[in-house]
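The structure under discussion appears below in the form of structure tokens.
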Amino acid sequence: MSSPGRWLCFFVLTLAVSPLFGVSIKKEMEDRTERYDRYYNHQELTELLQSLGQTYPELCRLFSIGMSVEGRELWVMRITADPQSAPLDRPQFKYVGNMHGDETVSRQVLIYLIRYLLEGYGQDSRITRLINTTDIYILPSLNPDGFNRAQEGDCRGENGGRENARNLDLNRNFPDQFTAQQTPPDPQQLPEVLAMMRWIQENRFVLSGNLHGGSVVASYPFDDSSLHQETGFYSRSTDDKVFQYLAKAYASNHPIMKTGHPKCKGEEDEVFHDGITNGAHWYDVQGGMQDYNYIWGNCLEVTFELSCCKYPLASELAQEWNNNRESLLKFMEMVHIGAQGYVRDSVTQKGIENATISVAGIDHNIATGKPGNFQRLLAPGTYNITASVIGYLPLTIFNVEVKDGPATVIDFQLNPSVSISSPNDLQASTGAPLPATEPPVTVKTEDNPRAQKPFQPQDFRHHHYSDMEIFLRKYNSEYASITYLYSAGKSVESRELYVMAISDNPHVHEPGEPEFKYIGNMHGNEVVGRELLLNLIEYLCKNYGTDPEVTNLIRTTRIHIMPSMNPDGYEKAHEGDRDGVVGRNNSNNFDLNRNFPDQFFQITDPPQLETLAVMSWLKSYPFVLSANLHGGSLVVNYPFDDDEKGLSMYSKSPDDAMFQQLALSYSKENNKMFTGSPCKEIYPNENFPQGITNGANWYNVPGGMQDWNYLNTNCFEVTIELGCVKYPMASELPGYWESNHRSLLEFIKQVQKGIKGFVLDATDGRGIFNATISVADIDHPVTSDKAGDYWRLLVPGTYKVTASARGYVPVTKTVNVTDGDAIVTNFTLTRSGADTHKEDKGKVPVVEPEKPDPNTREFEALIKDLSAENGLEHLLLSKSSDIDLYRYRSYHDLSESLRGLNLNYPNITKLTRLGQSVEYRYIWSLEISNKPNVSEPEKPKIRFVAGVHGNAPVGTELLLTFAEFLCLNYKKNSAITKLIDRTRIVIVPMVNPDGREKATEKDCTSNAGQTNANGKDLDTDFLSNSSGPVGEREKETNVIIDGLILKQDFTLSVVLDGGSLLVTYPYDNPVHTVENKDTLKHLASVYANNHPTIHLGHPGCPNKSDENIPGGVISGAEWRGHQGSMKDFSVTQGHCPEITVYTSCCLFPPAAQLKSLWTENEKSLLAMLVEVHKGVHGIVKDEKGKPVPKATIIFNEGVKVYTKEGGYFHVLLAPGFHNINAIAEGYQQQHTQVHVRHDAASPVEIIFVMDNRIFGLPRELVVTIAGATMTALLLMACIIWCVCSIKSNRHKDGFHRLRQHNDDYEDEIRLMSAGSKKSLLSNEFQDETDTEEETLYTSKH
């Protein structure tokens, strides 16, 4: 036992030493205090920012907007009070430094500023107020690669570092308003510029400072002019007054800048009045960032040159910080000047998002944020300020006085242009509050006067294909922030079916925003629609941001415009054709509007490329509303286009009333159409009341596109005949625009009618994909999109609307639809399986794991982003470089390529010889992972295999290129780096090297090389129950089975083959039952849908030109069924789903085609790498938290996997609900239901409890029975013992009565005690029975 004295000594020592610990901590903090005497390299910058982020989590958040060419993060520190839940109305401010890598003062002062703000919060009232009221973003270095090359002391930039790693000036490569025919920045050359552009577009920055070096002056827009005069031309922006005011705020607080005479070496005579200058007046800068901010980002940015020396000695940094500190703070405070306030609905008092704020005399408008807030920077003065938005009467507040100092607060209460129900009534009918973004009614333009007349197209002409192509590229380039040009497919003659998407975020579907489309020129000689749609593109682009109607359309709708569905037919048609047929059909002479699948008749014509492309396109986007523009009459024609009898009679759709309303919205804006008797000269008896008609009632059209839209998608489509003449003269085109442009705009607005909202999961609040929204008495349900958003067009009225989804309890609401904008009706569904297993109450449940760490959340966000529309396109745009694929590699070259990858990237690759072929060539496996030599069972594992057939080597080259692509981009591309870090990727480029040596290039159909050296087709050799022993399999087969498949640790397998253009899924064996067909088909569809042509379902291979594979995917058994396939063996024995991709019709195409084949397949290969991170990702533990390996996990009573070391399992499943049964020896069986999402893994943690059953019976029952049995046995033993004891005593008593001599008795006792087997009874005593008579005698005696 310790003595009290010892404890007392310890206590005294502790008291004595504790002050020393405080001194040590204080000294350490002092050591980390900024000394302003050195530059931070990128690693030090990263560590400092990360440390500050961890130290001040309540004030800041560190993130990256992208990576530089050389893979350095472009760090941004966001500083604001409580950044995780900062209110949306805090104005956003940003500083950007080190845009030119050798201009380094900016980099350091921004680092100092970050520390100064964070350390001063709560200590300095000015800093505290600034952080509490401002959302501040600071990017210290936009060009870290250039900084890495620059040299300290280089004042004039003579030693390099100004440009990025591609030797490009970042401040000369932004889109420029005065430069025509620009191409977007190349993501491989200018990732920094693209990252900055994305960041600007994704935010609502109000004010910005761009910090440079080389002089001491504040430079404001514009930086160039249309003349591009080298110097001396003042290029004035419409906000010139406020720009000067902002620039002076910085300059006047800088001791050198305010003098206007920096006296820089070599430019001693340069003078800037008040220390500021107009950018172009100083010198012309094309492609500058500050002009881009103002023109495209609605953000006012000023450029500050901080020092004459670009890269001064570190000893001068303290002085530079002192020179700039006050200016930096003052400029940030300027974000609060001018006029600020809210725009609200006067009825509902909800804020109105995207309302336009315009100032009289200043031709530059801004828009309100989500809460309806705005911050309009203005210099002191008096202004007339107007708020306007479609659906409301504009309101102008006159004589708003803006003073020097904080902003003048003004609020706008906008009145709806038509009376509406009270907000309480609306909320009661929808069950959900009205959001701020929902104005109640949209009105005609004439009821909502604009501040200025919109721009109208001036150049009217017929555009042939090349002319149209140039036109589309031009507008896509000039209006890159609101346009996205893409192709829906190709025509028979390989012309692109171009589509221009126009929206404020044109590249992606924004949840809650409807998708609209126009299609023109389906009949090649009906050309008016084609030209009107090109006019419409010009009109929308040029009026965005200035015309409230157009601006609202683009901000609330994504508009897709396909000017020509039949470009081949157009090229055959001729101007002046009134009612001919030349060019009407496509190049194969088929009428495209008779080529779609029909509900009443079998269409026997082969599906055309244009038809298949459009069908695939319509399945890819959640279109709500569409119009198909034709010519030859003047009427709007709505479904149905035919009927089951094939007669010209009214064929009513379930949504007939809605279709009539849609048709009228167009016709009533076209006076001639609305009269109903348009083409009297050609069709004197034709009459269409109000300019609309039911399609079949006009004439019967089987195979039409509008009916297919309605019956097979969520999209309502009408067909609009635009004029009596099919191909009018170009001189007549202005009249067509004049007659139709109002109709075109009004029809787009109809997409906002009816009801809309989200279908959400009550458990996690996430959207439910493919939920069904049905309306009572209207037999036409629609479905929700990936985020759970839906739109249902309806005419005014009261409806019972039901939302349902597999695995959920349906919900029905009563909704009152008005003639205004769509009523927001959200549905929250509860999972129906919540109480399914009542017998499990009291057991340890199956639970979801705890919240993941930040890195895991970041990776989950990446997978979600990559799964989004165009997510992979964005990834490919940001890749570091292209790989020139130009030749096939022999076996020797293949081996050397793999060794080269392993030697050049040893930290992320592992090269393994799996075994040898019949002719002793090695079969190689290359693993790519951040820890390739470590078993990481928690990570999903995917294998890519090629060369099963030696005569189809395209897959081999694609996989070698894929491997190099991944290695090249590791640590250079953030997304690919994270994918490699989180995945175990195994690439087997050649299974059959012997066959490959026999195959010949350009031989498209030969079987030479298909088999191995023994003449065996390896894809028939994977028999799980071979006719002979396993040793009879081919060597190559055993290598793959033993080295890969039977390890049972793969999540997914992708095999590349050749000979067609499609994807097959298990099983190849025609007699095999497919338990999980939905999942296998889904995996095949992921590859097909990311391939430019496979998903069209028309391989078009020679001798099979009419082959049609819906969606480009089919089960192996349906296509070319056979036994013994690797795919089937992988599923049944390896418990790993496998798909086979046929990459080209030609088995061994010319090497010249390899590059295009790689381009076609790289997105699909990456898609599979993303897909492997979905499905169900789980871990199995016991009650004590110990992992349970080798547990059996069964999904849907069919798919079976086993847990790995660490208890991990990962299985891919199609989106939807799936049942899980978990079984392990010694534990109770567990079962639950899991919801698999399309864009993320569903994490599951299964907790096993010990099995309380013995011999199949409950433990309690077995114990009770055992206890009762033991008790009965003990009782029986006691009874037997008692009986025996009684008998023994009776014998003794009887013998005693017959005893004659005492000595003899004693001898008897001794003998009995000695255990003698010879009883005295047999010698001395004759009485051996216990008779009744003896007993009586004894008793009497």
Side-chain angles (χ1 to χ4, degrees), residues 763-764 766 831 833 837 840 843-864 929-931 934-942 978-979 981-985 1047-1052 1076 1079 1134-1137 1170-1215 1217-1237 1239-1251:
T763 304
D764 56 17
R766 292 181 175 182
R831 299 183 184 183
H837 304 298
D840 288 342
K843 296 182 181 180
V844 179
V846 180
V847 298
E848 289 196 359
E850 297 177 0
K851 290 183 179 179
D853 61 82
N855 289 334
T856 300
R857 285 199 296 270
E858 183 181 353
F859 184 72
E860 290 172 350
L862 171 67
I863 295 300
K864 189 169 185 177
S929 174
N930 67 335
K931 297 177 183 177
V934 178
S935 174
E936 297 178 283
E938 71 277 10
K939 291 182 180 179
K941 191 174 181 182
I942 182 172
K978 290 170 184 173
L979 284 171
D981 286 345
R982 295 278 185 149
T983 322
R984 297 169 66 195
I985 306 162
K1047 289 188 175 181
Q1048 297 184 345
D1049 59 351
F1050 285 95
T1051 310
L1052 175 62
N1076 54 334
T1079 293
H1135 305 293
C1136 170
V1170 172
E1171 189 67 25
V1172 80
H1173 288 280
K1174 300 177 188 177
V1176 177
H1177 200 174
I1179 185 170
V1180 178
K1181 301 177 181 178
D1182 63 16
E1183 294 170 280
K1184 297 179 181 179
K1186 183 180 178 182
V1188 180
K1190 299 182 180 179
T1192 304
I1193 311 297
I1194 304 172
F1195 290 85
N1196 304 325
E1197 301 180 358
V1199 181
K1200 183 186 296 184
V1201 296
Y1202 299 96
T1203 56
K1204 308 171 190 175
E1205 178 187 353
Y1208 296 101
F1209 69 91
H1210 194 169
V1211 64
L1212 300 179
L1213 295 166
F1217 282 91
H1218 299 271
N1219 296 314
I1220 302 178
N1221 284 299
I1223 304 169
E1225 187 175 351
Y1227 296 97
Q1228 294 180 30
Q1229 181 174 333
Q1230 296 287 351
H1231 45 274
T1232 189
Q1233 193 177 66
V1234 63
H1235 181 212
V1236 174
R1237 301 180 57 79
D1239 58 359
S1242 298
V1244 172
E1245 187 174 90
I1246 298 177
I1247 308 297
F1248 272 127
V1249 295
M1250 294 297 294
D1251 194 355

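Note that the numbering runs from 1 along the sequence shown for the chain.
Using a 4.5 Å cut-off on side-chain heavy atoms (C-beta onward), Thr1051 and Ile942 make no contact. In this structure, Asp1239 and Ile863 have side chains that are not in contact, with every pair of non-hydrogen atoms separated by 4.5 Å or more. Contact check for Pro937 versus Glu1205: side-chain heavy atoms found under the 4.5 Å cut-off. A heavy-atom distance below 4.5 Å is found between the side chains of Thr1192 and Tyr1202. The shortest distance between side-chain heavy atoms of Ile1193 and Ile1246 falls below 4.5 Å. Using a 4.5 Å cut-off on side-chain heavy atoms (C-beta onward), Lys1174 and Val1172 make no contact.
Relative orientation of the His1235 and Phe1217 rings is parallel, given thresholds of 30° and 60° on the angle between their planes.
A distance-only check finds no donor-acceptor pair linking the side chain of Thr763 to the backbone of Arg831 [under 3.5 Å]. Listed for the Ser1242 side chain is no donor-acceptor partner under 3.5 Å among the backbone atoms of Val1176.
Screening Asn1219, Thr1079, Asn1076, Val1201 against Phe1195 for a side-chain contact (heavy atoms from CB on, under 4.5 Å) leaves a single residue, Val1201.
Taking the ring centroids of His1177 and Tyr1208, they lie at or beyond the 6.0 Å cut-off.
A salt bridge between Arg984 and Glu936 is absent, with no side-chain N of the basic residue lying under 4.0 Å from a carboxylate O of the acidic one. Checked for salt-bridge contact, Lys1190 and Glu1225 miss the test: no charged N lies under 4.0 Å from a carboxylate O. Salt bridge absent: Lys1184 and Asp1182 never bring a charged side-chain N and a carboxylate O closer than 4.0 Å.
Side-chain N/O atoms of Lys939 and Asn930 include a donor and acceptor closer than 3.5 Å. Under 3.5 Å, the side chains of Gln1230 and Asn1221 contain no donor-acceptor pair of N or O atoms.
With a 6.0 Å radius and a threshold of 12 heavy atoms from other residues, nucleotides or ligands, Lys978 has its NZ atom above the threshold.
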